[in-house]
Peer 1: 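One structure is given below, represented as structure tokens, and several questions about it will come after.
Small disclaimer: the values here were computed from a predicted structure and weren't measured. Sequence lines set the chain letters: A, B, ... in the order given, protein chains first and strands last, and positions in each chain run from 1. Side chains included, hydrogens not; waters and symmetry mates left out as well; all remaining heavy atoms used.
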Amino acid sequence: MGFFVEVLISGLMAGVLYSLVALGFVLIFKASGVFNFAQGAMVLFAALTFVRLLDILKDTFAPITLALIITIAMMIMLAMAIERLVLRPLVNQPGISLFMATLGVAYFLDGFGQTLWGSDIYTLDIGIPRGSIFILESVFEGGVLVAKEDLVATVIAGILVVTLAIFFQRTRIGRALRAVADDHQAAQSIGIPLNYIWVIVWSVAGLVALVAGVIWGSKLGVQFSLSLIALKALPVLILGGFESVLGAIIGGLIIGSGEKLAEIYLGPYVGGGIEYWFAYMLALGFLMFRPQGLFGEVHIDRV
Amino acid sequence: MFYREAGQFKTSYKADQAMFPIFQDKIFVAIWLFIGFVVVPMLANEYMFRAIFIPVIIMALAAIGLNLLVGYCGQVSLGSGAFMAVGAYAAYNFMIRVPELNPLICFLLGGLSATAVGVIFGIPSLRIKGFYLAVATLALQFFTDWTFSRIDWFTNYTPSGSIAVRPVEMLGVVFDSPMKKYFLCLVFLVIFTIIGTNIVRGRIGRAWMATRDMDVAAEIIGIRPVFAKLSAFAVSSFFIGVAGALWAFVHLGSWEPLAFDINLSFSILFMVIIGGLGSIVGGMLGAAFITLLPLFLNQLPVWLGINISTAMISHLEFMIFGALIIFFLAVEPLGLARIWQITKEKLRLWPFPH
């Protein structure tokens, strides 16, 4: 039983990390209806920028803060560039064209980040504690082994989600964002500038990408494979629903724990490595019963 | 004045329903067939066959197949690499396990296996729509990647997991030289293009297009969505499966599961979008564009005499590729096929002003 809980907890924590990436997708899809495949590339780009700046600035008085500020500035500039060069020319195009355009952005960012910052593997250390601790020793014999960095990551992810929720519910910009998400035309007609909203939402997605990139980067090292995390976040996304922040979190937890449990308990019977597709099959199974995901909006088609 | 239908009267239904009712179209197709079957083999060298013509033709076949699904039936699929893999591995297994079978039949059986998989994975499309479906098709992609790399039976227990095949022999001809391979692929492409063109202008194609434009409305006017969607998946995956068998046996010769990974799926989707959704010609143009662009970008620094490292070239290639995709989508969202259509419309009047 202790082992089961251990696997479950490590799965849940991996799931939180998937949710972090999925959150970026959800934010952009809600506000602009764009299925942003470049989110993974943004994670890589943010992490690369951050880790290299950290290296350049290591002799200054506050390298982490400075690197963070500059990286955030770069992500905002990136958001502006995407709005100006990609979204604006493609206004009113079908969703699939926009999706393809974000694939183009993903290719561009992958190339650009590595041209600018090099393509080696960088280790990222911003003082997240390492090693493992035992918890719940009173409940299970021998306790449950948990990695410290996973705990920290979970806490950071939690803070991020709460901040985003407050930002969306309580601030003026947040209300404008939700209005745009509900209805583009109605929002525009009451004077909400769409372009400005898009810049903001892509910037927020950039920040989420930065957080995800830093956490994943300190776990795995900053390298090209970070951009493939997007593929891990997609099943989370369809399971939770494209339009729901809550869905991204719950979907992440379901996918993360399901994937780890399946790998441990089912994997040995079929030759292992089923992590690669299990999440997708799980999400596909869920979708057969709820085609819009757990918390997605139900679209009613009228003829 | 060079391209117009004025004065070309149809006196029978047969003439009216011909594949190319306009005389100029017939000439045009004849010219392209002439170029494909006569001019290219005379002029091209071995490298050009191997690096340019054979991949472009096979990819064109795959892109036409995917276009039937995405462009005509409106079901976005990111799993075309998986269908190619199924086609290739099924053809391989038929070939080694039933040696009496002609490779031609093995290729078609490979296509049929892809069809079977396509129909099974098409079933979710009855419930799931739009991007949810697109992501769901990735399930197939990852599942086939895993299946062909982990289950040794499919690779006939080769220790490395990669497969090497001898040149195929069909109808008494061994296809070993690049030129013979080129002819083989070209014949496949021509036959499948004729089939594809006729499907999309017939009853099935119209059912697909109605489903694409609005599935609820299509259902109300009496088109069965189960039939329309599943038939689109079936036909499309048959095309892609045959293309996969050709890609593996004729183009690659030896391959491993990574040859059919998600990047291949994305490039085929790029071909369809850049070429033009809902256009057979678009599939071919897109395939040519997407296959040739990396070759061109790779050679560009050499031509310009700039000396940069290979790693840098590949990063820059990524950048330029991405930027060009965005540029193309912004300038002509309807794809290369639209440019071709505009040209034809212009040619109706040109060189006269009205």
Peer 1: Find the one option among A/Leu85, A/Leu109, A/Leu103 whose heavy-atom pairs under 4.5 Å with chain B are most numerous.
Peer 2: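 The residue among A/Leu85, A/Leu109, A/Leu103 with the greatest pair count is A/Leu103.
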Peer 1: Does the pair A/Tyr18 and A/Glu259 meet the rule for a side-chain hydrogen bond (donor to acceptor under 3.5 Å, both in side chains), with working shown?
Peer 2: CA-CA 12 Å; A/Tyr18 297 153; A/Glu259 190 178 270; 2.8 Å; yes
Peer 1: Is a donor on one side and an acceptor on the other found under 3.5 Å between the side chain of B/Lys229 and the backbone of B/Leu126?
Peer 2: no
Peer 1: Using non-hydrogen atoms and a 4.5 Å limit, figure out which bit of B/Leu78 sits close to chain A: side chain, backbone, both or neither.
Peer 2: side chain
Peer 1: Mark yes or no for whether A/Trp202, through its side chain, and A/Met80, through its backbone, hold a donor-acceptor pair below 3.5 Å.
Peer 2: no
Peer 1: In terms of heavy-atom proximity below 4.5 Å to chain B, should A/Ala283 be classed as side chain, backbone, both, or neither?
Peer 2: neither
Peer 1: Going by salt bridge (charged side-chain N to carboxylate O under 4.0 Å, His left out), name the residues that satisfy it together with B/Lys129, two or more places apart in sequence or in a different chain.
Peer 2: A/Asp301, B/Asp215
Peer 1: For B/Leu334, is it the side chain, the backbone, both or neither that has a heavy atom under 4.5 Å from a heavy atom of chain A?
Peer 2: neither
Peer 1: Near A/Arg84 CZ, under 6.0 Å, is it more than 12 heavy atoms from other residues, nucleotides or ligands?
Peer 2: no
Peer 1: Quick one: what part of B/Leu138 sits under 4.5 Å from any heavy atom of chain A, side chain, backbone, both or neither?
Peer 2: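 Contact with chain A: backbone and side chain both.
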Peer 1: Any carboxylate oxygen within less than 4.0 angstrom of a Lys/Arg side-chain nitrogen, looking at B/Arg224 and B/Glu219?
Peer 2: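 B/Glu219 and B/Arg224: not salt-bridged.
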Peer 1: Please determine which of A/Val34, A/Leu87, A/Leu90, A/Val86 meets the side-chain contact (heavy atoms from CB on, under 4.5 Å) test together with A/Thr102.
Peer 2: A/Val34
Peer 1: Using non-hydrogen atoms only, which part of B/Val76 is less than 4.5 Å away from chain A: side chain, backbone, both, or neither?
Peer 2: side chain
Peer 1: What part of B/Ile274 lies closer than 4.5 angstrom to a heavy atom of chain A: side chain, backbone, both or neither?
Peer 2: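 When you check distances to chain A, no heavy atom of B/Ile274 falls under 4.5 Å.
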Peer 1: What part of A/Leu234 gets within 4.5 angstrom of chain B, counting heavy atoms only: side chain, backbone, both, or neither?
Peer 2: both
Peer 1: Heavy-atom distance under 4.5 Å to chain B: side chain of A/Phe286, backbone, both or neither?
Peer 2: neither
Peer 1: Using non-hydrogen atoms and a 4.5 Å limit, figure out which bit of A/Leu231 sits close to chain B: side chain, backbone, both or neither.
Peer 2: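 The side chain, not the backbone.
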Peer 1: Which side-chain N or O atoms in residues 320-329 of chain B pair as donor and acceptor under 3.5 Å with protein atoms at least two apart or in another chain?
Peer 2:
none

Peer 1: So what's closer than 4.5 Å to chain B heavy atoms on A/Phe289: side chain, backbone, both or neither?
Peer 2: backbone
